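Computed from a predicted structure; not experimentally measured.
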Amino acid sequence: MKSLILTILYLAKDTVHRWFTRISSPLARVLVVFFLSLSALSALGSYAISTKLVRDKIVRQGGDIVFATISTNPDIPSAFPTEQDISSALNADSYALTLIGSALLDDNKRVMVYSYDFRRAGQFIPFMAASGLPTVLATDESKINPGPTSANFGKLKTDAFVRRMSPEHPLMRIMGQAGMLVQPEHLPESLTNNSYTTQQVLIRVRDLNGSAEINRAEQYLRNFMRLEGRQGNLISASRLLSEMDLVLSKQTQCRVAFCIGISAIVGILLTALAGMEYRQNEYIYTLMKSFGIRPILLIGTFIMENIVIVGASFAGALATFMYFQEMIVTQILKLGNYTLTIQEILPEIQLICYTLLGCILLSSLPIAAAANREIGKVLK
């Protein structure tokens with residue numbers, strides 16, 4: 001054990017000595033890996049940013065939403081799954097409203113009237129007026145004044161309350177600019193006698209990565225309609241997301257091809273320098289082998305040397321990219337005022353690390369062949 005430790009210390013000391021006596025060898029590796037890694041991070045970072053921008057744009061336009069209009073029939077009683085059921089099954093938020101009819105407000109503006117299932121009461125109570133009155137949820141574009149009002153359900157007139165809502169809220173994606181929400185127990189009799197109503201359902205995926213999440217939500221709704229004997233239609237951006245997946249798959253091929261090109265350059269450099277340095281010290285290493293040092297230690301020395309040099313160079317390139325990325329992204333790549341976090345660029349970092357590690361291992365193959373040559377052929 002003591003001899004093994006002394007051998008490792010000697011090999012480490014010899015490696016450091018070579019660095020100082022032939023500074024061009026480690027310096028060449030550092031510079032090549034640093035600038036190639038920086039270029040790779042810039043290129044792959046631009047892919048990550050463009051993907052993020054496209055995904056954010058799709059989400060802003062409702063690409064993470066599946067909207068369903070489902071017919072209901074009191075002769076076939078059934079209830080839509082609760083918010084918790086859909087959350088656990090699809091990792092998504094959901095809203096389910098029953099379209100009852102329409103009402104006329106004081107200012108002669110007509111709004112659609114919605115109610116909800118008792119099992120979803122906790123989800124909608126925060127939107128209702130404190131007094132429990134029918135509540136009109138309206139955006140600024142509706143031009144309906146907030147505050148107390150009255151609503152006419154045919155011949156029946158009742159008090160109501162108008163509350164402002166953001167147009168980005170999922171409920172307003174169902175109601176449009178305005179809609180009246182009525183608790184089930186407060187529904188006018190003229191509306192509850194309606195035999196056939198329509199249920200409007202919105203499912204919003206939390207983490208949209210592609211069309212798979214939307215397709216899963218669509219399939220969930222189709223299965224529900226089939227099992228419950230209901231009719232309806234679905235609206236989503238699944239086709240657009242499928243096209244985005246196709247573009248991203250081609251982008252992935254470009255990323256892999258780019259990394260293969262970098263690995264070829266780094267691999268050739270590491271192999272050439274490692275072979276040259278080993279040949280310059282082959283006589284000494286062969287003598288060490290004759291004294292009982294295993295070739296695996298010599299091979300491991302070159303592998304660890306390259307890991308230290310390449311790892312330090314890549315760490316420097318990553319630090320440089322993260323520090324100057326705003327200038328790189330906005331001025332050079334022209335992708336707008338957007339920066340990446342370590343978490344967002346982590347897949348690209350892992351891809352480059354795996355590529356560089358593969359280069360290091362491949363560059364050790366000539367060293368392994370040379371280290372296992374017969375001692376007599378070298379010392380003759």
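In terms of modelled atom types and a separation under 3.5 Å, the side chain of S238 and the main chain of I214 share no donor-acceptor contact. In this structure a side-chain-to-backbone donor-acceptor pair under 3.5 Å is missing from R163 to T135. Checking side-chain atoms of R120 against main-chain N and O of P81 turns up a donor-acceptor pair under 3.5 Å.
From L361, atom CG reaches atom CG of L356 across 11.0 Å, with rounding to the nearest 0.5 Å. We find the NE2-OG1 distance between H169 and T139 to be 13.0 Å, quoted to the nearest 0.5 Å. We find the CG-CZ distance between D64 and R206 to be 12.0 Å, quoted to the nearest 0.5 Å. Separation of atoms CD1 (I268) and CD1 (I265) is listed at 7.5 Å; rounding is to 0.5 Å. Expressed to the nearest 0.5 Å, how far CG of L318 lies from CD1 of I352 amounts to 8.5 Å.
Nearest approach of Y114 to L97, heavy atoms of both residues: CD2-CB, 3.9 Å. R230 approaches S71 most closely through the heavy-atom pair CD-O, 3.0 Å. In plain terms, the two heavy atoms of A89 and Y220 that are nearest each other are CB-CE1, 3.9 Å.
Inter-residue side-chain proximity for I309 and V30 is flagged as met; some heavy-atom pair is nearer than 4.5 Å. L234 places a side-chain heavy atom less than 4.5 Å from the side chain of M225. A 4.5 Å side-chain heavy-atom check between V113 and V182 finds at least one atom pair inside the cut-off. By the 4.5 Å heavy-atom criterion applied to side chains, E141 and M172 are not counted as neighbours. Between V162 and N145, every side-chain heavy-atom pair lies at or beyond the 4.5 Å cut-off.
M112 is not connected to L104 by any chain of hydrophobic side-chain contacts under 4.5 Å among Ile, Leu, Val, Met, Phe, Trp and Tyr, and they are in different clusters. Cluster membership for L133 and M175, using ILVMFWY side-chain heavy atoms within less than 4.5 angstrom, is not shared. Taking hydrophobic clusters as Ile, Leu, Val, Met, Phe, Trp and Tyr residues chained together by side-chain heavy-atom distances below 4.5 Å, L346 does not share a cluster with M322. Hydrophobic clustering, with ILVMFWY side chains joined whenever heavy atoms are under 4.5 angstrom apart, keeps I86 apart from F118. Note on I125: it does not cluster hydrophobically with L171, by side-chain heavy-atom contacts below 4.5 Å among ILVMFWY residues.
Other residues, nucleotides and ligands place more than 12 heavy atoms under 6.0 Å from the CD atom of Q350. Sparse packing is recorded around OH of Y354, with 12 or fewer heavy atoms of other residues, nucleotides or ligands lying under 6.0 Å away.
Donor-acceptor pairing under 3.5 Å is lacking for the side chains of R119 and T82. Side-chain polar atoms of E168 and S166 form no donor-acceptor pair below 3.5 angstrom. No side-chain N or O of Q219 forms a donor-acceptor pair with one of N215 less than 3.5 Å apart.
Looking at Y95, F124, F80 one by one, the single match for ring pair (Phe, Tyr, Trp, His ring centres under 6.0 Å) with Y116 turns out to be F124.
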